[in-house]
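In what follows, a single structure is set out as structure tokens and then discussed.
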Amino acid sequence: MKMLDTIRKSGNKKNADFFEQVYNIVRLIPRGRVTSYGAIAKALGSAKSSRMVGYAMNASHLAQPHVPAQRVVNRKGMLTGKHHFGSPDAMQKLLEADGVKVKDDCVVDFEKLFWDPMKEIG
DNA sequence: CGATTGACGTACG
DNA sequence: TCGTACGCCAATC
């Protein structure tokens, strides 16, 4: 499904291009699965803009509908952004609610649960 | 308009 | 194997 293509065309507005794309991809993440900032950045064609993905996530709480930001972690599978949630434990709780086990701020079986955006987009 | 920062990632020691 | 340094690109100061 070339969803990103649609996303890109629909979100070609000057503002909200990168952010919107990030949000859309994150919203595509199935329940019980996770992905990384770098993977999203790469999926958007800006592999070197992984930091921007994280930056976009910082404002993800403003996006509508809700963006499951808890399903996005760094390449190590660590919950680096947990501190940006309401509570430091909110992210882990949300992940556990999705069926993702978290141990020591790290996603268990991260590689197995890893969801590749390119797989859905490409 | 230049400098600083950041929910990352890769390279290097 | 672990810790530190740097690059990337957009937003904020």
Side-chain angles (χ1 to χ4, degrees):
Chain A
M1 180 190 293
K2 298 179 181 177
M3 196 171 293
L4 181 62
D5 193 51
T6 303
I7 294 170
R8 278 175 177 160
K9 291 188 176 180
S10 355
N12 63 5
K13 294 182 179 180
K14 188 171 70 167
N15 67 347
D17 49 348
F18 198 92
F19 280 37
E20 287 289 328
Q21 290 175 36
V22 172
Y23 299 153
N24 274 290
I25 290 179
V26 174
R27 284 193 280 252
L28 291 177
I29 302 173
R31 176 183 167 284
R33 303 293 296 280
V34 294
T35 190
S36 67
Y37 303 94
I40 294 172
K42 191 170 185 178
L44 292 176
S46 299
K48 298 170 183 175
S49 302
S50 54
R51 306 185 77 164
M52 299 304 94
V53 177
Y55 197 90
M57 301 312 294
N58 192 348
S60 64
H61 68 101
L62 301 173
Q64 294 298 336
H66 174 252
V67 177
Q70 74 277 10
R71 294 173 190 166
V72 183
V73 296
N74 68 354
R75 82 167 190 88
K76 304 173 197 170
M78 297 179 70
L79 280 55
T80 52
K82 71 172 193 171
H83 195 71
H84 289 263
F85 285 72
S87 292
D89 298 335
M91 189 173 184
Q92 179 171 337
K93 276 207 138 189
L94 288 168
L95 282 172
E96 289 177 345
D98 283 348
V100 177
K101 294 180 181 177
V102 178
K103 170 131 189 167
D104 193 27
D105 297 340
C106 227
V107 174
V108 179
D109 294 330
F110 172 66
E111 295 181 359
K112 287 178 65 178
L113 298 175
F114 183 78
W115 178 83
D116 190 351
M118 294 296 279
K119 191 173 179 182
E120 292 292 322
I121 296 164

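Proteins get letters first, then strands, A, B, ... in listed order; numbering begins at 1 in each.
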Quiz item: Whole-Å distance between B/dC8 P and A/Ile40 CD1?
Solution: 12 Å
Quiz item: When you look at NE2 of A/His61, are more than 12 heavy atoms from neighbouring residues, nucleotides or ligands closer to it than 6.0 Å?
Solution: yes
Quiz prompt | Backbone N/O of A/Lys76 and side chain of A/Asn74: donor-acceptor pair under 3.5 Å | solution = yes
Quiz item: In whole angstroms, how far is the P atom of C/dA10 from the NZ atom of A/Lys48?
Solution: 13 Å
Practice problem: Mind calculating the distance between NZ (A/Lys76) and P (C/dC2) to the nearest angstrom? | Solution: 11 Å
Quiz item: Taking atom P of B/dA7 as reference, at what distance in whole Å does atom CG of A/Asn74 sit?
Solution: 12 Å
Quiz item: Is the side chain of A/Ser46 donor-acceptor paired with the backbone N or O of A/Ser49 at a distance under 3.5 Å, no angle test?
Solution: no
Practice problem: Please list, by residue number, the residues of residues 50-68 of chain A whose heavy atoms come closer than 4.0 Å to an atom of DNA chain C; answer none if no residue qualifies. | Solution: A/Arg51, A/Met52, A/Tyr55
Exercise. Would you kindly give the CG-to-C1' distance between A/Leu44 and C/dC8, to the nearest whole Å?
Key: 15 Å
Self-check item: Nucleotide C/dC9, atom P - distance to NZ of A/Lys42 in whole Å
Solution: 15 Å
Quiz item: Can you find a pair of side-chain heavy atoms, one from A/Val102 and one from A/Leu79, that are under 4.5 Å apart?
Solution: yes
Quiz prompt | Minimum heavy-atom distance A/Val72-A/Met91, with the two atoms named | solution = O-CE, 3.4 Å
Self-check item: Side-chain touch A/Phe19/A/Ser60, heavy atoms, less than 4.5 angstrom
Solution: no
Quiz prompt | Length of the line joining A/Gln21:CD and C/dA10:P, which is rounded to integer Å | solution = 12 Å
Quiz item: Rounded to whole angstrom units, what separation is found between the CZ atom of A/Phe110 and the C1' atom of B/dC8?
Solution: 12 Å
Quiz item: Would you call A/Lys82-A/Asp105 a salt bridge at under 4.0 Å N-O?
Solution: yes
Quiz item: Is A/Ala41 touching bases, backbone alone, or none of the nucleic acid, heavy atoms closer than 4.0 Å?
Solution: nothing
Check nucleotides 11-13 of chain B for protein N or O atoms closer than 3.5 Å to its own N or O atoms and list the pairs.
none

Self-check item: Value rounded to 0.5 Å, distance of CD in A/Glu96 from CD in A/Gln70
Solution: 11.5 Å
Quiz item: Which of the following nucleotides, B/dA7, C/dC9, B/dG9, is nearest to the side chain of A/Ser49?
Solution: C/dC9
Self-check item: Which atom of A/Phe18 lies closest to which atom of A/Val53, heavy atoms considered
Solution: CE2-N, 3.9 Å
